[in-house]
Amino acid sequence: IRSNKTFFFGSYEGSNDKQIYGGGRATVPTAAMRAGDFSGASFTIKDPLTGLPFPGNVIPAGRLSSQAQAVMNRYYPLPNAGTLSTGYGVFQQFVPITRKRHRADLRIDHELSPKDSLFLRGSYQWRDPSSITFEAGNALTNQPILKAELKTGALVGGWTKIFSPTVVNELRIGYNNDNSVRQSNYVAEDVNRELGLETAPSLVGTGKFGFASFAFTGSNRPLNIVDAARNVDRTVKQNAFSISNATTFVLGGHSVRAGALWNRNMARDGFGIGINVRGQYQFNGTATGNAFTDFLLGTVSNRTRDQYTA
């Protein structure tokens, strides 16, 4: 910038990296099963009102839970990769996703005098998405991926002072900021309202992310529906500030370096304090002999409203 006084260097690099994700195989209910028709299944389901098998292995439409229907329509895609011997279908999908990355660096050096020189260096990086995690697990790729964005920035300045041919002092000041966002696209209370589910009082009006989970035990069942637990809102924010000073003394054929360093670091990790589940419904087949058909009837074996970690 100024001849023999001020110099600068800058760089930029960016990429749009498109890759294929997913590919997991998910066991999902067929269209017939969604309507209560298990005539093509390898297992028999019983009517909890009579203790006898449902005629034709079909649950009457009027007995199906509207909440269960809403949950299936939201989370379970229809099979696209054939059926299993149990009668359930298989869903498998590969999804192309573009990951963007940008980075910029700038450095300026300035010579104040033959004995004094300054420098300032700054860098910035942005990645979106920084990681790939599907909302309901990597097999249910019909769901979006978690929001995952990384922003980092750093600024460093320094002053070098030559007191004499044998004494040199270096002062450094630095600041670094990291902001890593990992967050669900869903707000638990909104999802519950859409599905007709109860929202725990501890979640009402909080805007907590994620959604309720549905777990099936035993054999002959579809894939569980679960969110990413505490990772639905794991935003990590870090700030670091440092000041250092070092003086070098040349003593004949030897050199001695002495100095001090002061650091101040602050970090907040959303993983540390949060809610593990935003409602958890478990089905074990006690009513009908099959966990999934218990779900279709709306018969819950165990329900958890929320779980906090602190």
Side-chain angles (χ1 to χ4, degrees), residues 24-93 134-144 186 188 190-199 210-227 277-305:
R25 291 169 63 86
T27 300
V28 296
T30 63
M33 288 178 169
R34 292 166 183 258
D37 185 353
F38 287 79
S39 58
S42 64
F43 51 93
T44 301
I45 56 176
K46 65 180 181 180
D47 186 340
L49 299 181
T50 65
L52 300 174
F54 280 104
N57 224 26
V58 177
I59 301 173
R63 301 274 299 276
L64 298 175
S65 164
S66 59
Q67 289 89 348
Q69 295 289 317
V71 169
M72 286 190 295
N73 292 336
R74 182 185 240 292
Y75 297 111
Y76 284 138
L78 288 170
N80 66 355
T83 56
L84 302 172
S85 60
T86 58
Y88 284 100
V90 176
F91 174 78
Q92 184 180 38
Q93 179 178 250
F134 289 90
E135 285 276 4
N138 289 331
L140 293 178
T141 52
N142 60 312
Q143 298 297 309
Y186 302 134
D190 294 343
V191 175
N192 287 340
R193 186 181 304 112
E194 176 188 328
L195 300 178
L197 302 174
E198 176 191 6
T199 297
F211 51 85
S213 63
F214 301 83
F216 309 98
T217 58
S219 58
N220 303 321
R221 61 179 181 82
L223 182 70
N224 290 336
I225 299 170
V226 295
D227 68 5
V277 298
R278 284 134 292 277
Q280 186 178 68
Y281 299 85
Q282 296 176 324
F283 305 87
N284 60 16
T286 300
T288 63
N290 179 267
F292 180 65
T293 50
D294 277 11
F295 163 76
L296 288 180
L297 291 178
T299 304
V300 182
S301 62
N302 187 55
R303 181 179 65 173
T304 302
R305 296 195 308 183

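This is a predicted model, so every value here is computed, not measured.
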Note, Thr44 side chain near Pro53 side chain (heavy atom, < 4.5 Å):
yes
Value rounded to 0.5 Å, distance of CD1 in Ile225 from CE in Met72:
9.0 Å
Measuring from atom CG of Asp294 to atom CZ of Phe216, what distance do you get when rounded to the nearest 0.5 angstrom?
10.0 Å
Who are the salt bridge (Lys or Arg N to Asp or Glu O under 4.0 Å) partners of Arg25, not counting sequence neighbours?
none
Interatomic distance, Thr217 atom OG1 to Asn284 atom CG [nearest 0.5 angstrom]:
4.5 Å
May I ask you to check if Arg221 and Phe283 form a cation-pi contact, with NZ or CZ under 6.0 angstrom from the six-membered ring centre and within 45° of the axis?
no
Gln143-Tyr186 side chain donor-acceptor pair, cut-off 3.5 Å
yes
Side-chain donor-acceptor contact under 3.5 Å, Gln93 with Thr141:
yes
Can you confirm whether Asn220 sits close enough to Ser42 that some side-chain heavy atom of one is under 4.5 Å from a side-chain heavy atom of the other?
yes
Taking every heavy atom of Gln69 against every heavy atom of Leu64, the minimum-distance pair comes out as NE2-CD1, 3.6 Å
Full working for side-chain contact (heavy atoms from CB on, under 4.5 Å) between Arg74 and Val191:
CA-CA 10 Å; Arg74 182 185 240 292; Val191 175; 3.9 Å; yes
Taking the six-membered ring for Trp, are Tyr88 and Phe43 parallel (under 30°), tilted (30 to 60°) or perpendicular (over 60°)?
parallel
Strictly by modelled atom types, are Thr199 and Asn192 linked by a side-chain donor-acceptor pair under 3.5 Å?
yes
Rounded to the nearest 0.5 Å, how far apart are OH of Tyr75 and CG of Leu140?
10.5 Å
Taking every heavy atom of Lys46 against every heavy atom of Phe54, the minimum-distance pair comes out as O-CE1, 3.2 Å
Name the orientation class of the two ring planes belonging to Phe292 and Tyr76 (parallel below 30°, tilted from 30 to 60°, perpendicular beyond 60°).
perpendicular
